[in-house]
Protein chains: 2
Amino acid sequence: MQLVIEKSKEKTLLPKIMKAAIKLFNKKGITGTTTKEIAEKAGVAEGALYRHFKGKDELAWYIFTENLNKFSINLQNCVEHKKTAKDKIKVLVSTSLASYEKDKELFTYLLISEHRELNKFPENYMHPGHVVLKIIEEGQKTGELKKMNLYVAGSILMGSLIRFCAIRMYGTVNDDLCNYEDEIFTGIWRAIKND
Amino acid sequence: MQLVIEKSKEKTLLPKIMKAAIKLFNKKGITGTTTKEIAEKAGVAEGALYRHFKGKDELAWYIFTENLNKFSINLQNCVEHKKTAKDKIKVLVSTSLASYEKDKELFTYLLISEHRELNKFPENYMHPGHVVLKIIEEGQKTGELKKMNLYVAGSILMGSLIRFCAIRMYGTVNDDLCNYEDEIFTGIWRAIKND
DNA sequence: TATATGAGTGAATAATCACTCACATATAAA
DNA sequence: TTTATATGTGAGTGATTATTCACTCATATA
């Protein structure tokens, strides 16, 4: 895994373009959004987009990969400071939920783009799945976690989290996800701990 | 001049059109797929599509809602025959995994369309979430399941299942999902049972 | 001061797209 | 047989689209 070269230089219109694009992509889908709309919403000329990206698809791809990588690196940092699998998973849950609440538009985009962009995800970029699998692998070795198929355990951990974000996205749950972090953690922990 | 075309078992071209559309939608997204492509893949004229649907979006919507409803009704039927929450969940898990394996293209489409179509999902149609919530509600009442937030429990149950289908979709897991039904069930059950 | 460069503009363009329609054919009803 | 209805065809159309490009502007460097 490697850190990413930061493309934005603060002075440019790039952040404006990305914010506008994320909102529109969430609402209308990527191919359903026109470059004209992005430019309008960003208060920018259409051509500005092409100073930073080859085209619309590269913009969509960039937003996804950069932010998922950034989020995963952050996750990894939070997790590394903890010693036990229990604490690692606890902080993974709380960080994930808090991240969603902190930037709903961005994380909504990451959720709905997963299936579209994941097959082109760069090998040297970091993905939350990497963090999760590592925790589980190590936890099973130390005996903290029950021996079971890695992907089954990983699916329970990641799947529960993602689904809870999704039902918040749909409006089924309407209050801050952080209110539920203990309950979600407890459920996940009961599923995969060793006893 | 007109070629003699082999007659299919079905009376209309609708099944051909839907099958072709599902495959293309999975590969390129809905707005990324053209009506011309659908017609070509189905071996049909472009106009045939408009004999059955108002347009491309209605076709996409129809495939999603009809099949998700059908699947949910089937789930509900399987579940109703069981008495305990444990057996209900067990059969829900196995039926879901088997359904995915039976028609991967269709269920892949249902998975990736969820975020796009769910907000327009008809109220009188059935959704897997309905089945899941009912099981959990009843199970908590009888004391079989641990008292916890319904949506937390629902997310663990549905999220684990969906994520496992997703990693099969991505090719991370490559063998029949039914091989894992016991392990997945056990994990989910440990998370939500009362003890 | 002169010059080089990166960033932004928006009208113009070439390509693509969803959808239409006049006509053909098959099936069922009258 | 005649009539009606549903289904299928595919070239044609108007609208939309992503992308380009010649030009401007601001800033930094020599």
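In what follows, chains carry the letters A, B, and so on, assigned in the order in which the sequence lines appear, proteins first and then strands, with residues in each chain numbered from 1.
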Pair B/E37 + B/K28, salt bridge at N-O below 4.0 Å: yes
Just the table, please: protein N/O against nucleotides 4-8 of chain D N/O, every pair under 3.5 Å.
unit_1	atom_1	unit_2	atom_2	d
D/dG8	OP1	B/L13	N	2.6
D/dG8	OP2	B/H52	NE2	2.7
D/dG8	N7	B/R51	NE	2.6
D/dG8	O6	B/R51	NH2	2.4

Under the ring-ring contact (aromatic ring centres under 6.0 Å, His included) test, residues paired with A/F107 that sit two or more places apart: A/F71
Under the salt bridge (Lys or Arg N to Asp or Glu O under 4.0 Å) test, residues paired with A/E181 that sit two or more places apart: none
Set of salt bridge (Lys or Arg N to Asp or Glu O under 4.0 Å) partners for A/K104, sequence neighbours left out: A/E101
For B/T35, all residues meeting side chain to side chain donor-acceptor pair (under 3.5 Å), sequence neighbours excluded: B/E46
Just distance, no hydrogens or angles: give the donor-acceptor pairs under 3.5 Å from side chains in residues 86-93 of chain B, sequence neighbours left out.
unit_1	atom_1	unit_2	atom_2	d
B/D87	OD2	B/T84	OG1	3.4
B/K88	NZ	B/K82	O	3.2

Where at least one partner belongs to residues 12-36 of chain A, residue pairs that pass ring pair (Phe, Tyr, Trp, His ring centres under 6.0 Å), sequence neighbours excluded: A/F25-A/Y109
Under the side chain to side chain contact (heavy atoms under 4.5 Å, CB included) test, residues paired with A/E80 that sit two or more places apart: A/Q76, A/N77
Neighbours of DNA chain C within residues 19-28 of chain B, by heavy-atom distance under 4.0 Å: none
Contacts of B/N124 that satisfy side chain to side chain contact (heavy atoms under 4.5 Å, CB included) - sequence neighbours left out: B/P122
Which pairs, protein N/O on one side and nucleotides 17-19 of chain D N/O on the other, fall under 3.5 Å?
unit_1	atom_1	unit_2	atom_2	d
D/dA18	OP1	A/T33	O	3.3
D/dA18	OP1	A/K56	NZ	3.0
D/dA18	OP2	A/T35	N	3.0
D/dA18	OP2	A/T35	OG1	3.1
D/dT19	OP2	A/Y50	OH	3.1
D/dT19	OP2	A/K56	N	3.2

Expected list for residues 145-152 of chain A: side-chain donor-acceptor pairs under 3.5 angstrom, two or more places apart:
unit_1	atom_1	unit_2	atom_2	d
A/N149	OD1	A/Y151	N	2.7
A/N149	OD1	A/V152	N	3.1

